[in-house]
Colleague: 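Here's a structure for you.
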Amino acid sequence: MASRLPEPGPDEREHSQRLLQLLRTQIAAHGPMPFAQYMERCLYAPGLGYYSAGRTKFGAAGDFVTAPELGELFARCVVNAVQPVLALLGGEADFLELGGGSGAFAEAALRALADAGTVPRRYLILEPSADLRDRQRERLSGALPAELRARVAWLDRPPERDWRGVLFANEVIDALPTTRFTLRQGEVYEEHVALDGEGRLLRTDRPADALVAAAVRHVERDVERRFADGYRSEILPQLPYWMQAVAGSLVAGLMLFVDYGYVRREYYLPERDDGTLMAHYRHHAHNDPFHWPGLNDLTASVDFTALAEAGNSAGFGVAAYLPQAQLLLASGLQAAFEQAYAAAPDEVARHRLAQEVRRLTLPEQMGERFQAMLFARGLDVLPLDAELLAADQGGRL
């Protein structure tokens, strides 16, 4: 597959080689690197990782397209879904977006929040990438009126003080550095990255530590099936700790996660015996995580059962779990489309809107591949739309 991918330019090659040299140095000094650590370096190494460097990631000029990049309909529907909670909490409500991407969601969401009369006290963006933070700041400074720009603030780390409001994350969990595991003679092994005699990256397996082994055995008990020898997949044993870190201070409000993935019994099907790990480069998906490190987005699908467990362990209850299409349709997509269609300046814009709806809702596009999970805590009532609650598929978890 890698041979059919677009060739990077000289600057990209040099950039990847610098990251590769860093990886080689660390592996030579400390031995084989757990895959989760390798993925973390490829995505987030300062100045060298995929999300830490300056190349365009999102949209037609990047490597993939997220829902907010298609237009404003996605953000407007998300706001429709959560604004009753913001209204309930009143002037003390904040909105926290995890990973702001290009800033497209924040721009559209703030406009929609203003239209709905529920502008939060603060619109916070937790963004670890300095490069993306600069892009977001530039975009919002040029696109929003001063009174909305004044609500936006960027965070280096999750809020430490108790807060109330809404936490939103689109395609965040899939980018968490994932552990890869396999089975040998019934024992759990963890995938590592090593070097061959010529300094090339290669995969090697080592006996898993107690945390990883326990996480794998928990999955086996839950799906009521032992993994066969040679079965390989991903797992996030750190997910409960991550959830507590990012959301533990949210004492009252709602969390909404949207991502691609499966419930656990579908994630760990016997036939899915090499996991879900994918790399994305210039709108090409492939499965070689060693191809030009630093130039590819590395992702793994989300085990939504594990996400529910992590939310529960952090003190939240699952309010709803449903496909993205159902979330958007229950949150006013038809009305938002009709309003935008009527205001469109020409046929090209109207066609673009129709294509946006198709991408967001068709099963073979984002409609079924992406799932939404809502969590709630500290609310006397749950002011979610009845149509949204009626579409809940939480029983599948």
Side-chain angles (χ1 to χ4, degrees), residues 23 26-44 172-196 200-245 257 259-279 286-290 293 298-314 371 373 396-397:
L23 294 166
Q26 293 180 347
I27 293 171
H30 304 291
M33 177 183 291
F35 182 84
Q37 186 178 340
Y38 169 80
M39 182 172 171
E40 188 274 334
R41 298 289 191 275
C42 286
L43 296 181
Y44 304 110
V172 169
I173 306 299
D174 68 86
L176 293 181
T178 188
T179 296
R180 295 263 288 170
F181 71 89
T182 190
L183 279 292
R184 289 187 182 181
Q185 296 181 328
E187 297 299 319
V188 182
Y189 280 70
E190 181 178 353
E191 184 175 311
H192 286 63
V193 179
L195 301 173
D196 68 11
R200 292 174 299 209
L201 301 174
L202 59 84
R203 183 175 73 190
T204 187
D205 300 321
R206 290 188 158 193
D209 64 22
L211 180 64
V212 173
V216 173
R217 297 307 185 197
H218 170 70
V219 169
E220 287 183 320
R221 288 192 296 272
D222 200 29
V223 300
E224 300 177 320
R225 175 176 52 82
R226 300 282 285 193
F227 292 124
D229 278 0
Y231 189 91
R232 190 176 298 270
S233 192
E234 301 85 31
I235 200 163
L236 288 172
Q238 78 276 24
L239 188 57
Y241 310 101
W242 179 89
M243 182 70 81
Q244 180 62 42
F257 293 87
D259 222 316
Y260 47 89
Y262 313 92
V263 297
R264 178 167 289 155
R265 289 182 180 275
E266 296 172 2
Y267 194 110
Y268 295 105
L269 288 172
E271 58 266 31
R272 191 173 282 122
D273 57 4
D274 195 32
T276 68
L277 183 73
M278 294 297 294
H286 63 96
N287 59 4
D288 182 3
F290 301 148
L298 302 180
T299 72
S301 296
V302 176
D303 172 359
F304 275 94
T305 307
L307 184 61
E309 291 172 343
N312 292 161
S313 71
Q371 307 288 303
M373 182 168 282
R396 297 175 54 224
L397 294 168

Colleague: Mark yes or no for whether Gln238, through its side chain, and Pro177, through its backbone, hold a donor-acceptor pair below 3.5 Å.
Modeller: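 Looks like yes, one N/O pair under 3.5 Å.
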Colleague: Which heavy atom of Ala213 sits nearest a heavy atom of Ala208, and at what distance?
Modeller: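 Heavy-atom minimum between the residues: N-CB, 4.1 Å.
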Colleague: If I take atom OG from residue Ser301 and atom CD from residue Glu234, how far apart are they, to the nearest 0.5 angstrom?
Modeller: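 Taking OG in Ser301 and CD in Glu234, the distance rounds to 7.5 Å.
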Colleague: Apply side chain to side chain contact (heavy atoms under 4.5 Å, CB included) to the pair Arg221 and Arg226, showing each step before the final yes or no.
Modeller: CA-CA 8 Å; Arg221 288 192 296 272; Arg226 300 282 285 193; over 6 Å; no
Colleague: Are the side chain of Asp205 and the backbone of Tyr189 linked by a donor-acceptor contact shorter than 3.5 Å?
Modeller: no
Colleague: What heavy-atom pair brings Ala175 and Leu43 nearest, and what distance separates the two atoms?
Modeller: O-CD1, 3.5 Å
Colleague: Do Gln37 and His30 touch side chain to side chain, with heavy atoms closer than 4.5 Å?
Modeller: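 Heavy-atom side-chain distance check fails, nothing below 4.5 Å.
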Colleague: Rounded to the nearest 0.5 Å, how far does CZ of Arg225 lie from CG of Leu269?
Modeller: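 Output value for this atom pair is 7.0 Å.
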Colleague: When rounded to the nearest 0.5 angstrom, what distance separates CG in Asp222 from CZ in Arg264?
Modeller: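 It is 4.5 Å, given to the nearest 0.5 Å.
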Colleague: Backbone N or O of Arg203 within a donor-acceptor pair of the Glu191 side chain at under 3.5 Å?
Modeller: no
Colleague: What's the shortest heavy-atom distance between Met243 and Ala310, and which atoms?
Modeller: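 Heavy atoms of Met243 and Ala310 come nearest at CG-O, 3.6 Å.
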Colleague: At what distance, to the nearest 0.5 angstrom, does CG of Leu397 lie from CE of Met373?
Modeller: 4.5 Å
Colleague: Does the structure place the NZ or CZ of Arg180 under 6.0 Å from the centre of the six-membered ring of Tyr38, at an angle of no more than 45° from the ring's axis?
Modeller: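 Arg180 over Tyr38 ring: no.
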Colleague: Could you check if a side-chain atom of Thr178 sits within less than 4.5 angstrom of a side-chain atom of Leu298, using non-hydrogen atoms only?
Modeller: no
Colleague: Ignoring hydrogens and angles, tell me if any N or O in the side chain of Asp229 forms a donor-acceptor pair with the backbone of Gly186 under 3.5 Å.
Modeller: yes
Colleague: Is a side-chain donor-acceptor pair under 3.5 Å present for Thr299 with Tyr260?
Modeller: yes
Colleague: In Å and rounded to the nearest 0.5 Å, what is the CG to CG distance from Asp274 to Asn287?
Modeller: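 Output value for this atom pair is 7.0 Å.
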Colleague: Could you pull out the closest heavy-atom pair between Ala194 and Ile27, with the gap in Å?
Modeller: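 Here Ala194 and Ile27 meet closest at CA-CG2, 4.2 Å.
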Colleague: Check the pair Asp273, Phe227 against side chain to side chain contact (heavy atoms under 4.5 Å, CB included), reporting the backbone distance first and the verdict last.
Modeller: CA-CA 9 Å; Asp273 57 4; Phe227 292 124; over 6 Å; no
Colleague: To the nearest 0.5 Å, tell me how far Leu239 CG sits from Ile173 CD1.
Modeller: 6.0 Å
Colleague: Side-chain contact test, heavy atoms from C-beta onward, threshold under 4.5 Å: evaluate it for Leu236 versus Thr179 and give yes or no.
Modeller: no
Colleague: If you compare all heavy atoms of Arg396 against all heavy atoms of Glu266, which two are closest, and at what distance to 0.1 Å?
Modeller: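 The pair with the smallest heavy-atom distance is NH2-OE2, 2.8 Å.
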Colleague: Can you find a side-chain donor-acceptor pair between Tyr267 and Thr276 that sits under 3.5 Å?
Modeller: yes
Colleague: Of all the heavy-atom pairs spanning Ala28 and Leu195, show the shortest one and how long it is.
Modeller: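 Minimum heavy-atom contact is N-CD1, 4.5 Å.
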Colleague: Has Gln185 got more than 12 heavy atoms of other residues, nucleotides or ligands less than 6.0 Å from its CD?
Modeller: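 No, because the 6.0 Å sphere around CD of Gln185 holds 12 heavy atoms or fewer from other groups.
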Colleague: Do any N or O atoms from the side chain of Arg184 and from the backbone of Pro207 form a donor-acceptor pair under 3.5 angstrom?
Modeller: no
Colleague: Is the closest side-chain heavy-atom distance between Pro289 and Val193 below 4.5 Å?
Modeller: no
Colleague: Find out whether Arg232 and Arg272 are in side-chain contact, i.e. whether some heavy atom of one side chain is under 4.5 Å from a heavy atom of the other.
Modeller: no
Colleague: Determine yes or no for a side-chain-to-main-chain donor-acceptor pair under 3.5 angstrom, with Thr182 supplying the side chain and Tyr231 the backbone.
Modeller: yes
Colleague: Check whether the side chains of Tyr268 and Glu220 place a donor and an acceptor atom closer than 3.5 Å, and report yes or no.
Modeller: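 Judged by distance alone, the side chains do not pair up.
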Colleague: Has the side chain of Asp303 got a donor or acceptor atom that lies under 3.5 Å from a matching backbone atom of Ile235?
Modeller: no
